[in-house]
Amino acid sequence: MIAFVSGAVAALTPTLAVIEVGGVGMAVHCTPNTIAGLRTGEQARLATSLVVREDSLTLYGFADDDERQVFELLQTASGVGPRVAQAMLGVHTPDALRTAFAAGDAKALTAVPGIGPKGAQKLLLELKGKLGAPTPVVGAQRAVASAPAPWTEQLAAALIGLGYASREAEEAVVAVTPQAEEAIAAGGAAPVPQLLRAALQSLNRAR
């Protein structure tokens, strides 16, 4: 198993990071949240999980070991493959998922594209108690942006990468603009991962 990859970020798409490891470009599938914390040319370290199929070897990457462990535990439920598990982590943090399963919160699970009410109830039954209790996330490794793209473009690309239409992505960007402007006015950068979660909540309320 490839437990992690570490090296310079050679390329980024909304759902894929290419990490240069020993002169080889490793294609790593990541959630938009993880992608938002990476910058081309910067060093990065991603926890990884290798999914082996008859016709493919696919590497999935995560900001930390906790995300990877939850990704693998989610796949113990029937009908949950790596793409669904990654989509769940794209919408919710590991602790948010633990809280949802502990509370039997089906609505939180239906916020994930591709999971309906019946599927959410099935997941609650199969996974309740398996993810453990919520714990503080410590030491998540994020690359620091040296010349980030405009936050609106990053956020829209992340939402489209999760399966939302361009129109929905644009509306969600508008909804979280005050939050971004507040962070910028305070002297910081727009926190794209936090804005992504706020945008997803906005889209879920609009359904």
Side-chain angles (χ1 to χ4, degrees), residues 8-19 28-47 60-64 66-67 70-71 86-100 105 107-115 134-207:
V9 180
L12 292 170
T13 75
T15 59
L16 186 76
V18 178
I19 309 296
V28 187
H29 294 261
C30 303
T31 66
N33 283 332
T34 300
I35 293 292
L38 303 175
R39 298 292 179 269
T40 302
E42 298 288 332
Q43 292 291 314
R45 182 184 187 278
L46 296 174
Y60 291 85
F62 310 91
D64 54 41
D66 189 35
E67 281 192 356
V70 170
F71 170 79
Q86 191 177 55
M88 293 173 75
L89 285 166
V91 174
H92 298 295
T93 65
D95 268 357
L97 285 172
R98 292 185 181 105
T99 299
D105 187 355
K107 185 176 180 181
L109 298 184
T110 58
V112 179
I115 297 181
T135 54
V137 177
V138 179
Q141 298 186 17
R142 300 288 185 185
V144 177
S146 56
W151 70 268
T152 54
E153 294 180 9
Q154 287 181 292
L155 183 57
L159 290 167
I160 292 170
L162 281 172
Y164 289 98
S166 297
R167 179 185 58 78
E168 292 177 307
E170 290 171 3
E171 291 175 353
V173 168
V174 171
V176 301
T177 294
Q179 183 178 336
E181 290 177 342
E182 182 179 346
I184 294 170
V192 176
Q194 291 90 330
L195 291 172
L196 177 58
R197 297 193 192 285
L200 288 167
Q201 290 173 359
S202 173
L203 287 166
N204 190 38
R205 287 194 297 270
R207 287 182 175 180

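Computed from a prediction, not measured in an experiment: that's the story for all the values here.
- Side chains of Val28 and Leu16 form no contact here, defined as non-hydrogen atoms less than 4.5 Å apart.
- Here the closest heavy-atom approach between residue Leu38 and residue Thr34 is recorded as CG-O, 3.4 Å.
- Distance check: Tyr60 OH to Phe71 CZ gives 5.5 Å after rounding to the nearest 0.5 Å.
- By the 4.5 Å heavy-atom criterion applied to side chains, Met88 and Val70 are not counted as neighbours.
- Between the side chain of Glu168 and the main chain of Ala165, a donor-acceptor pair closer than 3.5 Å is present.
- Under the 4.5 Å side-chain criterion, counting only non-hydrogen atoms from C-beta, Asp105 is not in contact with Thr99.
- Considering all non-hydrogen atoms of both residues, Ala169 and Ala156 come closest at CB-O, 4.0 Å.
- Atom OG of residue Ser202 and atom CG of residue Leu159 lie 9.5 Å apart, to the nearest 0.5 angstrom.
- Atom CG of residue Leu195 and atom CG of residue Leu200 lie 11.0 Å apart, to the nearest 0.5 angstrom.
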Test side chain to side chain contact (heavy atoms under 4.5 Å, CB included) applied to Val176 and Gln194, step by step | CA-CA 10 Å; Val176 301; Gln194 291 90 330; over 6 Å; no
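- When all heavy atoms are compared, the tightest approach of Pro94 to Asp66 is CB-OD2, 3.4 Å.
- Between Val112 and His92 the shortest side-chain heavy-atom distance falls below 4.5 Å.
- To the nearest 0.5 Å, atoms CD1 (Ile35) and CG (Leu196) are separated by 12.0 Å.
- Contact detail for Val91 and Pro113: the closest heavy-atom pair is CG2-CD, 4.0 Å.
- In this structure, CD on Gln43 lies 9.0 Å from CD1 on Ile19, to the nearest 0.5 angstrom.
- At least one side-chain heavy atom of Leu89 sits less than 4.5 Å from a side-chain heavy atom of Leu97.
- Thr15 places none of its side-chain heavy atoms less than 4.5 Å from the side chain of Gln86.
- Summarising the geometry of Cys30 relative to Leu46, their closest heavy-atom pair is SG-CD1, 3.9 Å, with the distance given to 0.1 Å.
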